Protein chains: 2
Amino acid sequence: MQISSRFTIALHIFTCVDVFKDQRKVTSDFLAGSINTNPVIIRKILTQLKNAGLITVARGTGGISLTKELSDITFYDVYEAIEPVENGDLFHFHESPNPECPVGRNIHALLDDRLKAIQRAMEDEMKRYTLLDLRSGIADLLAKETE
Amino acid sequence: MQISSRFTIALHIFTCVDVFKDQRKVTSDFLAGSINTNPVIIRKILTQLKNAGLITVARGTGGISLTKELSDITFYDVYEAIEPVENGDLFHFHESPNPECPVGRNIHALLDDRLKAIQRAMEDEMKRYTLLDLRSGIADLLAKETE
DNA sequence: TTTGTTGTAACCATTGACATTATAACATGA
DNA sequence: TCATGTTATAATGTCAATGGTTACAACAAA
């Protein structure tokens with residue numbers, strides 16, 4: 001199991017928007033070129049980010065704008081916008097365990113809290129990183145390239 | 001994206017083995033009945049747990065034994081045995097970003113450490129729970145049933 | 001040698017990820 | 001208004017993973 005590439009693609013998009021926003025129009029075609037995928041893939045992800053209220057996208061003219069400060073958008077916000085997790089549960093149970101078995105009828109009560117804690121540990125760590133970290137991070141990497 | 005039900009099935013199996021080990025022979029058929037799935041699904045998971053060195057399975061006669069103490073098997077051990085995570089990376093990148101784009105050629109350097117930290121947060125929390133916790137947990141729940 | 005069990009191969013159905021093409025909707029500048 | 005560039009979305013396709021099922025070989029013990 002892996003978290004889909006859509007999540008890292010979304011972070012890639014945000015980084016490109018920030019890096020190139022003053023140099024050129026950042027279109028889905030341009031982004032597709034940087035990420036090496038199809039523009040439609042990009043647009044679907046943009047739609048998800050738009051539905052989550054993180055960005056606005058200009059239709060005819062093209063161009064992406066953030067609705068919040070970089071420091072107000074965490075990795076978790078992006079993850080939540082992108083990953084369609086059923087009921088918000090990271091862990092999946094097999095349907096309908098046997099209610100006549102003492103273990104079967106108690107398996108959810110037994111595991112739910114512990115699994116939630118594990119999920120929360122991941123999500124809390126995601127909340128520690130913001131898009132502002134990406135701005136400074138990519139600036140450092142680009143500066144290092146020209147040394 | 002969700003972590004497959006094989007993981008919670010494996011925890012279910014361990015719980016059943018512990019609860020029923022003195023009362024009856026715990027076979028893949030019995031386990032399939034408690035979990036409400038097919039015995040072959042159970043056997044495949046048992047094979048993974050066996051390959052990870054967590055259990056031994058008696059072939060002709062049936063029966064499952066742990067190779068370690070309950071307190072020495074963490075949720076992470078089970079997760080690692082069950083989930084085939086490519087390269088051990090939880091997060092998936094799109095293949096071959098454009099090396100001619102300053103962002104494309106730096107995206108891994110930009111994200112890798114942060115994503116690893118998120119993954120580690122989840123795995124560290126998984127290491128905090130052992131099968132011994134499940135023994136006491138299920139005992140409490142069963143005691144509560146008879147009140 | 002019979003019986004009960006595990007190990008595994010060979011399928012099948014369903015779903016999700018990712019890709020691709022085509023076309024409609026829309027905004028802007030000429 | 002119209003041409004142009006762009007986004008939005010539907011329709012399709014491919015591929016891999018999940019979960020299920022049947023069948024049968026391998027094996028251990030009574």
Side-chain angles (χ1 to χ4, degrees), chain A residues 1-10 12-13 16-17 20 24-33 35-52 55-65 79 82-86 89-97, chain B residues 1-10 12-13 16-17 20-21 24-33 35-52 55-65 79 82-87 89-97:
Chain A
M1 188 278 319
Q2 278 190 315
I3 290 172
S4 81
S5 67
R6 290 193 307 274
F7 174 61
T8 50
I9 290 177
H12 191 142
I13 289 173
C16 277
V17 168
F20 295 109
R24 45 151 64 247
K25 185 157 50 167
V26 181
T27 66
S28 56
D29 259 60
F30 172 70
L31 290 166
I35 292 162
N36 190 24
T37 181
N38 191 288
V40 176
I41 303 292
I42 303 294
R43 287 187 206 127
K44 282 181 182 166
I45 292 173
L46 291 178
T47 299
Q48 291 185 280
L49 297 173
K50 204 177 52 179
N51 290 340
I55 62 170
T56 58
V57 183
R59 192 157 176 148
T61 169
I64 298 163
S65 311
Y79 171 76
I82 292 298
E83 282 288 335
V85 183
E86 194 174 346
D89 287 329
L90 178 60
F91 293 93
H92 186 213
F93 279 84
H94 196 273
E95 331 286 328
S96 50
Chain B
M1 187 282 315
Q2 279 189 315
I3 290 172
S4 80
S5 67
R6 289 193 306 272
F7 175 60
T8 49
I9 290 177
H12 191 142
I13 289 173
C16 278
V17 167
F20 295 109
K21 64 180 181 307
R24 47 154 57 252
K25 187 157 49 166
V26 181
T27 66
S28 57
D29 260 61
F30 172 72
L31 290 166
I35 292 162
N36 191 23
T37 182
N38 191 288
V40 176
I41 304 292
I42 303 295
R43 287 185 208 133
K44 283 179 183 170
I45 293 173
L46 290 177
T47 299
Q48 290 185 281
L49 296 173
K50 204 177 53 179
N51 289 341
I55 62 170
T56 57
V57 183
R59 192 159 179 149
T61 167
I64 298 163
S65 313
Y79 171 76
I82 292 297
E83 282 287 333
V85 182
E86 194 172 347
N87 300 327
D89 287 329
L90 178 59
F91 294 94
H92 186 212
F93 279 84
H94 195 275
E95 330 285 327
S96 51

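Please read all numbers here as calculations on a predicted model, not as lab measurements. To find a chain, count down the sequence lines: A is the first, B the second, and so on, and within it residues start at 1.
Along DNA chain D, the nucleotide nearest B/Ser4 and the nucleotide nearest B/Arg43 are compared for position; the residue whose nucleotide lies closer to the 5' end is B/Ser4. Residues B/Arg59 and B/Lys44 both approach DNA chain C. Their nearest nucleotides, taken by heavy-atom distance, put B/Arg59 toward the 5′ side.
Side chains of B/Ile42 and B/Thr27 form no contact here, defined as non-hydrogen atoms less than 4.5 Å apart. With contacts defined as side-chain heavy-atom distances shorter than 4.5 Å, the pair A/Thr37/A/Leu31 does not qualify. Contact annotation: the side chain of B/Gln2 approaches that of A/Asp89 to within less than 4.5 Å [non-hydrogen atoms, C-beta and beyond].
Dashed line: the shortest gap from a side-chain N or O of B/Thr61 to OP1 or OP2 of D/dA29 is not under 4.0 Å. In this model, the phosphate group of D/dG5 is not approached by any side-chain N or O of A/Thr27 to a distance below 4.0 Å at OP1 or OP2. Phosphate proximity of C/dC18 to B/His92: present, with a side-chain N or O under 4.0 Å from OP1 or OP2. Close to D/dT18, at under 4.0 Å from its OP1 or OP2, lies no side-chain N or O of A/His94. For B/Lys25 and C/dG4, the shortest distance from a side-chain N or O to OP1 or OP2 is not below 4.0 Å. Under 4.0 angstrom from either OP1 or OP2 of D/dG19 there lies at least one side-chain N or O belonging to B/Ser5.
Between the A/Lys25 side chain and the A/Phe30 main chain, no donor and acceptor come within less than 3.5 Å of each other.
Atom-to-atom, CD1 of A/Ile45 to P of C/dC18 comes out at 8 Å; the value is rounded to the nearest Å. The CD1 atom of B/Ile35 sits 14 Å away from the C1' atom of D/dG20 (whole-angstrom rounding). Taking atom CG of A/Leu31 as the reference point, atom P of D/dT7 lies 8 Å away to the nearest angstrom. Rounded to whole angstrom, the span from the CG atom of A/Asn38 across to the P atom of D/dT7 amounts to 13 Å. In this structure, A/Asp29 places its CG atom 14 Å from C1' of D/dA8, rounding to the nearest Å. Distance, B/Ile64 CD1 to C/dG4 P: 19 Å, rounded to whole Å. With rounding to whole Å, A/Ile42 atom CD1 is found 16 Å from C/dA17 atom P. Atom NZ in B/Lys50 sits about 11 Å away from atom P in C/dT6, given to the nearest Å.
Backbone-only engagement by B/Val57 is indicated by non-hydrogen atom pairs under 4.0 Å involving sugar-phosphate atoms exclusively.
Smallest separation of non-hydrogen atoms from B/Ala10 and B/Ile45: CB-CG2, 4.1 Å.
Closest approach to the B/Ile41 side chain among D/dG20, C/dG7, D/dA23 is made by D/dG20 (side chain taken as heavy atoms from C-beta onward).
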